[in-house]
Protein chains: 2
Amino acid sequence: MVLDDADAVVAAGGEPPSARVPLTQDRIVAAALAFIDDAGLAGLTMRRLGDRLGVEAMALYRHVPGREALLDLVVDAMVAEMRQDPDVLDEPTNGWQDFLQRLAHGVRRVALKHPRAFPLVTSRPPEAPWLRPPLRSLEWVEAFLTGLQEEGFDDATSVATYRAFTTFLLGHLLLEAADHGAEIGPLDTLEDGEEPSRGGLQDYPTVRRLRERLSEDHSVVEFEESLEGLLGRLTLALHEAAAD
Amino acid sequence: MVLDDADAVVAAGGEPPSARVPLTQDRIVAAALAFIDDAGLAGLTMRRLGDRLGVEAMALYRHVPGREALLDLVVDAMVAEMRQDPDVLDEPTNGWQDFLQRLAHGVRRVALKHPRAFPLVTSRPPEAPWLRPPLRSLEWVEAFLTGLQEEGFDDATSVATYRAFTTFLLGHLLLEAADHGAEIGPLDTLEDGEEPSRGGLQDYPTVRRLRERLSEDHSVVEFEESLEGLLGRLTLALHEAAAD
DNA sequence: ACCTGAACACCGTTCAAGT
DNA sequence: ACCTGAACACCGTTCAAGT
């Protein structure tokens, strides 16, 4: 999913005049992700994606089974992006807390890099029913569980941690991505200063009074504190498990 | 959004032979929600929804602005369903912990009643950018914040609680809904016992060993304990705020 | 007043035909 | 070997016409 020379040419100046750049699945997936990033999922069409790649839509079907499968590949690409992150470790080398902290921040970086595509990680059905977004690849879960077991987690605690950790990530990152993605409906183009739906605010005095505060962005602090809270609870659970 | 006589007639025996049941927005929205509940969002089409109501698709446009708007109305219907729940209180009458606990369980009931429609609550853009799913209506947030303030929460703590509470609900309920919704892709019809994607499991020994455990459903306990943990942290935060 | 029929622009996808 | 053109079935949506 790395930008190769072919993409560089296309990105630089439209499609190459005569030099035929061959289509590949990776190029298609990368283009689809880029498309969603700046036009939203609703705008992604096989025909428009073809345009973007200088090709008829029908040419895509030689490299990708169809639109649905393409979206799954986009999810795979984002999941793979987390694994490439040098700050995310394959196994715990400085204790499990450091391991989980790096992982959490790595996932968060990807979510904020692709706020409009990230929800796909949640909405696409996973490979197996017990895989949970956003850590929804077998490789991820294997690395996650093995890492914890190396650090002395027993079976039950490892699995419970996987579940608690994914729940935590999903809640925070989906909301944070929504803030940044700002899926502005095509109707909400408030180019003029009309401030829609503000009128009704008079009926909600408390909301109205706290409006400024509600708009403040404390997501970094909240993520950090919530993560620390989770790690703290896990530490307790670990000691309890050891005491049994 | 309550089933009225008109729906009862239709539900009982197909469309009424001659007695014209007038279309209303409520009937359309209820039918759309029911459709998503048992066919998934992808299957919902204006034309098919018209069929289900014994009407041409074009007739729907007299009562609903369009498909996108209809989906927003479906979300509103689910949000309203939470407010009708008799176990969910409008204001805290037995302390804020009881207030939040009832609210949490009420939202959970709706999520589990509509596992395939619930994700819409997250994916549709809210009325205002500072409204957060799943408590994404002005009425909800007004009741929520006012209730907490009656219980002595200051402004900052009320808003922080709103944010923490929504994050908690979203993470848990989206994952739990996904478990129950089982968005089985049209291709995944494993009517024969082929067990797809199980072959690769040999490369993931830890996942393989913990497979049984990963499939166990502990969502009730997790929801309960996580909620209790949240309330506990809030209690601490309250005391800290009071000490300042 | 409320619904229908026909039409338009746009989809995903298939397949024979081009180069 | 790889892409294109034409075609099919299905969408959302508009609007004049029916009752």
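Hydrogens, waters and symmetry mates play no part in the numbers below; they use all other heavy atoms, side chains included. Below, read A as the first sequence line, B as the second, and so on, with proteins coming before strands; counting in each chain starts at 1.
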B/L49 CG - D/dT13 C1' separation (whole Å): 15 Å
First encountered from the 5' end of DNA chain C, between A/E68 and B/L23: B/L23
Donor + acceptor pair across side chains of A/S219, A/D217 (<3.5 Å): yes
Validation row: A/L103, A/L135 side chains within 4.5 angstrom (heavy atoms): yes
Nearest-angstrom distance from the residue atom CG of A/L71 to C1' of C/dG12: 12 Å
Sugar-phosphate, base or nothing in reach of A/M46, heavy atoms under 4.0 Å: sugar-phosphate
Sub-4.5 Å side-chain heavy-atom contact between A/R136 and A/R124: yes
B/E142 bridged to A/R208 by N-O distance under 4.0 Å: no
Length of the line joining A/M58:CE and D/dC3:P, which is rounded to integer Å: 14 Å
Per-nucleotide pairing state of DNA chain D [Watson-Crick or G-U, under 3.5 Å; [ ] pseudoknot-crossing; | other strand]: ||.|||||...|||||.||
Donor-acceptor contact below 3.5 Å, side chain B/S215 vs main chain B/R211: yes
Cationic tip of B/R108 above B/F223 ring, under 6.0 Å, 45° of axis: yes
Under 3.5 Å side-chain donor-acceptor pair for A/R132 and A/T167: yes
Between C/dA7 (C1') and B/E56 (CD): distance, integer Å: 14 Å
Proximal nucleotide (of D/dC3, D/dC11, C/dC2) relative to the A/R62 side chain: D/dC3
Distance in angstrom units between B/Y61 OH and D/dT14 P, rounded: 7 Å
Nearest-Å distance for atom pair CZ/C1', residues B/R48 and D/dG12: 13 Å
Value in whole Å for how far the P atom of D/dC2 lies from CD of A/Q25: 14 Å
Short side-chain N/O contact from B/R67 to OP1 or OP2 of D/dG12, under 4.0 Å: yes
Residue-phosphate contact under 4.0 Å: A/H63 side-chain N/O, D/dC2 OP1/OP2: no
Nucleotide D/dT4, atom P - distance to CG of A/D51 in whole Å: 11 Å
Nearest listed nucleotide, side chain of A/R47, among D/dC2, C/dC2, C/dG12: C/dG12
Selected nucleotide, minimal atom distance to A/A59 side chain, candidates C/dC3, D/dC3, C/dA7: D/dC3
